[in-house]
K.L.:
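Sharing a structure here in structure tokens format.
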Amino acid sequence: MPFSPELLIYGMIFIGVVVLVEGVYLTVFGRSISLNSRVNRRLEMLDKGQRRDEVLEQLRKEMQQHGKVRSVPLYSMLASKAQKAAIAFTPKQLIMMMVGLSIGSFAALSVGTSSGLVTNIVISVMMGVGGIYTWVSMKAGKRMSMIEEQLPDAIELMVRSLRVGHPFSSAIQIVSREVEDPLATEFGVIADESAYGRDIGEALKDMAERLDMQDMRFLAVAVTIQQQSGGNLAEILAGLSKVIRDRFRLFRRVKAITAEAKWSGKFLSGFPVAALIFINLTDPHYYDEVRDHSLFIPACITVGVFLALNLFVMRILTNIKV
């Protein structure tokens with residue numbers, strides 16, 4: 001049976017793009033910035049001799065740089081996720097990488113496939129932009145998941161610090177030293193900003209909006225209300241920690257219940273595509289007799305729309321707010 005390696009080459013190039021971006025990222029910025037590292041990045045930077053104000057300035061620049069360029073057409077769809085992921089690459093560097101990876105993909109497709117010029121250009125651009133977007137989305141999702149898991153423990157640590165008599169600013173500093181990244185560096189920035197005169201409630205609110213995290217908004221509101229009205233902050237935070245932990249437990253339960261429906265939708269949409277790829281790999285001439293039919297292209301477009309619509313509908317049905 002004749003074998004057509006083009007679809008396999010497309011997949012390998014796309015995977016290579018994502019892996020290449022991760023490799024370049026770790027090479028440029030070091031292992032300490034990887035989410036797989038257990039090192040508190042802020043403390044590591046301080047241990048290397050950098051001044052506290054320099055570390056604060058660098059971390060704030062990395063955290064806020066992506067939110068300032070949402071108006072850039074090509075970058076707007078990536079800005080929110082890059083901000084949540086705290087990508088150290090600047091927006092300009094990410095755009096340049098999109099262009100460079102698109103050019104590299106085009107060269108690989110030109111050498112490895114017999115597709116036409118226009119097809120190679122379109123696919124290479126999709127690979128360059130899609131590879132960066134996939135990589136940033138993966139890092140953003142992983143980072144946000146880790147922060148959500150760490151937050152209840154961090155609040156409980158603050159509660160214990162407050163109950164033994166530490167001020168809230170000291171409780172924030174303890175969290176920045178004792179917990180792991182990525183939450184440690186986030187709270188370390190708040191501790192440094194507080195030391196330089198910024199209101200802690202305002203800093204927490206800014207972090208909650210930057211991360212677009214509801215539980216962090218609860219924390220910011222609780223601290224702000226206590227600052228304005230008084231009260232036992234330790235008891236308030238203890239109750240908040242319990243609420244966040246219960247919400248997280250309920251969210252996990254809902255996620256487990258809806259997992260079957262989500263994967264059913266993905267399977268129903270992915271199986272026809274997988275079958276099409278398998279048929280083309282094993283028998284590239286299978287569709288030759290119908291390929292020139294006037295309804296072939298409209299039928300393909302219709303099937304693609306229905307498959308995408310299936311994913312969209314299943315996502316809406318299983319997207320239960322907690």
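Predicted model only: the values in this text are computed from it and were never measured.
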K.L.:
Please find the pair of heavy atoms, one from V179 and one from A184, that lie closest to each other, and give the distance.
P.N.:
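Answer, listing the atom of V179 first, then A184: O-CB, 3.4 Å.
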K.L.:
Donor-acceptor pair, distance only, cut-off 3.5 Å: does the side chain of S161 make one with the backbone of L157?
P.N.:
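Answer holds: yes.
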K.L.:
Between atom CE of M144 and atom CG of D212, what is the distance when rounded to the nearest 0.5 Å?
P.N.:
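CG of D212 is found 7.0 Å from CE of M144.
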K.L.:
Quick check for you: to the nearest 0.5 Å, what is the distance between I190 atom CD1 and D206 atom CG?
P.N.:
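Nearest 0.5 Å value for the CD1-CG distance: 8.5 Å.
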K.L.:
In the single-linkage hydrophobic clustering (I, L, V, M, F, W, Y; side-chain heavy atoms under 4.5 Å), do F218 and I236 co-cluster?
P.N.:
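Different clusters.
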K.L.:
Taking atom CZ as the centre, does R163 end up with more than 12 heavy-atom neighbours from other residues, nucleotides or ligands that are less than 6.0 angstrom away?
P.N.:
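Check passes, neighbour count above 12.
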K.L.:
Provide the closest heavy-atom pair for Q83 versus R210 in the form atom of the first, atom of the second, distance.
P.N.:
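Looking at all heavy atoms of both residues, the shortest contact is NE2-O, 3.1 Å.
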K.L.:
Just by modelled atom types, is the L183 backbone N or O under 3.5 Å from a matching donor or acceptor in the Q150 side chain?
P.N.:
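Checking the backbone N and O of L183 against the side chain of Q150, a donor-acceptor pair under 3.5 Å is found.
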K.L.:
For residues P182 and I147, report the shortest heavy-atom separation together with the two atoms involved.
P.N.:
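Smallest heavy-atom distance, with atoms named: CG-CG1, 3.6 Å.
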K.L.:
Could you tell me whether the side chain of R245 reaches within less than 4.5 Å of the side chain of D153, counting heavy atoms only?
P.N.:
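The answer is yes; the side chains approach within 4.5 Å.
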K.L.:
Would the distance check show the side chain of R143 and the main-chain N or O of K84 forming a donor-acceptor pair, the cut-off being under 3.5 Å?
P.N.:
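Yes: the side chain of R143 pairs with the backbone of K84.
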K.L.:
Working to the nearest 0.5 angstrom, can you tell me the gap between E209 CD and M216 CE?
P.N.:
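One finds 11.5 Å between CD of E209 and CE of M216.
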K.L.:
Given L151, which of M146, E186, M213 fulfils the side-chain contact (heavy atoms from CB on, under 4.5 Å) condition?
P.N.:
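The option that passes is M213.
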K.L.:
Given V223 and E202, is the side-chain contact (heavy atoms from CB on, under 4.5 Å) satisfied, shown in steps?
P.N.:
CA-CA 9 Å; V223 172; E202 181 184 344; over 6 Å; no
K.L.:
Considering non-hydrogen atoms only, spot the tightest contact between M158 and I172 and give its length.
P.N.:
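Heavy atoms only, the tightest pair is SD-CD1, 3.6 Å.
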K.L.:
L240 and A222: which non-hydrogen atoms are nearest, and at how many Å?
P.N.:
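Scanning both residues, the minimum pair turns out to be CD2-CB, 4.4 Å.
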K.L.:
Is there a donor-acceptor pair under 3.5 Å between the side chain of S194 and the backbone N or O of A191?
P.N.:
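No.
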K.L.:
State plainly whether the residues K242 and E156 are in salt-bridge range, i.e. N to O under 4.0 Å.
P.N.:
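Judged by the 4.0 Å cut-off on N to carboxylate O distance, K242 and E156 do not form a salt bridge.
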K.L.:
Nearest 0.5 angstrom please: I155 CD1 to L162 CG, how far?
P.N.:
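Answer rounded to 0.5 Å: 11.5 Å.
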K.L.:
If hydrophobic clusters are built by linking Ile, Leu, Val, Met, Phe, Trp and Tyr wherever their side-chain heavy atoms come under 4.5 Å apart, do V189 and V175 end up in the same one?
P.N.:
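No; tracing contacts between hydrophobic side chains, which count when under 4.5 Å, never links both residues.
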K.L.:
What I'd like to find out is whether the side chain of L204 reaches to under 4.5 Å of the side chain of V221, using heavy atoms alone.
P.N.:
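No, their side chains stay 4.5 Å or more apart.
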K.L.:
Which heavy-atom pair separates G201 from T224 by the least distance, and what is that distance?
P.N.:
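Scanning both residues completely, I find the closest heavy atoms to be CA-OG1, 3.9 Å.
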